[in-house]
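Source: prediction; values computed, not measured.
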Amino acid sequence: MEHLVFPTGRLAQRNLEKVLHGMEPAPFTWEVREIGLQVAGLMTADMIRRRVEAPVRADRILVPGRCRGDLDELSRHHGIPVERGPEELKDIPRHFNRAARASISVVTTR
């Protein structure tokens, strides 16, 4: 089974974990890594390169959709595909062609 790593910020970590748990059974195993910043939407490829040590034991890294920077370079650095996910946490299940569990609610902070 494919294993994915989801780098995130402190504010989104709990909601990201709720969304991923709500997809169970997920078509993959997963790991959420809080990388030492508050807001996941401000994450850049350079931050991920500095804060997520290589090698990453995963098949893919899925970064927040608003993450900016050269993901191809990040993929070369880590030796695995790095992809942008959706911009909103609530859209992650749809990104994987799954439905979210109705009991899961995501708190938005803006």
Side-chain angles (χ1 to χ4, degrees):
M1 180 176 280
E2 183 178 39
H3 184 70
L4 303 181
V5 169
F6 293 82
T8 193
R10 282 185 286 282
L11 294 176
Q13 182 177 4
R14 202 164 89 211
N15 282 333
L16 175 56
E17 290 168 348
K18 282 182 182 180
V19 167
L20 292 169
H21 279 294
M23 289 177 47
E24 291 181 356
F28 50 82
T29 59
W30 53 268
E31 172 185 347
V32 172
R33 288 196 191 174
E34 190 275 307
I35 66 165
L37 73 154
Q38 286 286 102
V39 181
L42 300 178
M43 191 180 301
T44 66
D46 288 337
M47 280 181 185
I48 296 167
R49 182 178 182 156
R50 289 190 313 267
R51 297 176 185 200
V52 177
E53 288 188 34
V56 174
R57 293 195 173 143
D59 298 297
R60 273 191 292 168
I61 297 172
L62 194 74
V63 302
R66 292 187 178 117
C67 177
R68 297 296 167 239
D70 187 350
L71 297 189
D72 290 335
E73 173 58 34
L74 197 54
S75 292
R76 284 188 292 279
H77 173 74
H78 285 292
I80 58 174
V82 178
E83 302 170 1
R84 275 187 188 84
E87 290 194 6
E88 300 294 331
L89 281 175
K90 66 181 176 59
D91 296 328
I92 289 174
R94 186 177 22 205
H95 182 80
F96 291 103
N97 296 314
R98 293 284 195 266
R101 233 183 332 173
S103 63
I104 298 297
S105 63
V106 176
V107 178
T108 58
T109 55
R110 289 195 187 233

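Remark: the backbone N or O of Arg68 is not paired with any side-chain donor or acceptor of Thr44 at under 3.5 angstrom. Side chain of Arg10 to main chain of Glu34: no donor-acceptor pair is present (N/O by atom type, distance under 3.5 Å, no hydrogens or angles). A side-chain donor-acceptor contact under 3.5 Å links Arg51 to the backbone of Gly36. No donor-acceptor distance shorter than 3.5 angstrom exists from the side chain of Arg98 to the backbone of Met23, with no hydrogens or angles considered.
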- Message: If you apply the rule salt bridge (Lys or Arg N to Asp or Glu O under 4.0 Å), what do you find for Arg76 with Glu73, and how did you get there?
- Response: CA-CA 5 Å; Arg76 284 188 292 279; Glu73 173 58 34; 3.2 Å; yes
- Task: Take Gln13 and Leu16 through the side-chain contact (heavy atoms from CB on, under 4.5 Å) test and state the conclusion after the steps.
- Result: CA-CA 5 Å; Gln13 182 177 4; Leu16 175 56; 5.8 Å; no
- Query: Between Leu71 and Ile61, does a side-chain contact (heavy atoms from CB on, under 4.5 Å) hold up when you go through it step by step?
  - Reply: CA-CA 10 Å; Leu71 297 189; Ile61 297 172; over 6 Å; no
- Give the intermediate values and the outcome of side-chain contact (heavy atoms from CB on, under 4.5 Å) for residues Arg60 and Glu83. CA-CA 8 Å; Arg60 273 191 292 168; Glu83 302 170 1; 2.8 Å; yes
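Here Trp30 contributes atom CH2 and Glu17 contributes atom CD; the two are 5.5 Å apart, rounded to the nearest 0.5 Å. Considering CG of Asn15 and NZ of Lys18, their distance stands at 5.5 Å, rounded to 0.5 Å. Taking CD1 from Ile35 and CE from Met43, the interatomic distance works out to 4.0 Å, rounded to the nearest 0.5 Å. Atom CD of Gln38 is separated from atom CG of Leu11 by 4.5 Å, given to the nearest 0.5 angstrom. The NE2 atom of His77 lies 10.5 Å from the CD1 atom of Ile48; values are rounded to the nearest 0.5 Å.
Residue Ala45 comes nearest to Cys67 through the heavy atom pair N-SG, 3.8 Å, listed as atom of the first residue, atom of the second, then distance. In this structure, Pro64 and Pro7 approach most closely via the heavy-atom pair CD-O, 3.8 Å. Taking each heavy atom of Leu89 and Ala12 in turn, the nearest pair found is CD1-O, 4.1 Å. Across all their heavy atoms, His3 and Thr29 have their closest contact at ND1-OG1, 2.6 Å. Of all heavy-atom pairs between Ile80 and Asp59, the closest is CB-O, 3.9 Å. For the residue pair His78 and Ala54, the shortest heavy atom distance occurs at ND1-CB, 3.6 Å.
Ring geometry for Phe6 against Phe96 counts as perpendicular: the plane angle is over 60°, on a 0 to 90° scale with 30° as the lower cut.
Clustering ILVMFWY residues whenever any of their side-chain heavy atoms sit less than 4.5 angstrom apart, transitively, puts Leu74 in a cluster other than the one holding Leu4. Following chains of ILVMFWY side-chain contacts shorter than 4.5 Å, one cannot reach Val32 starting from Leu37, and the two form parts of different hydrophobic clusters.
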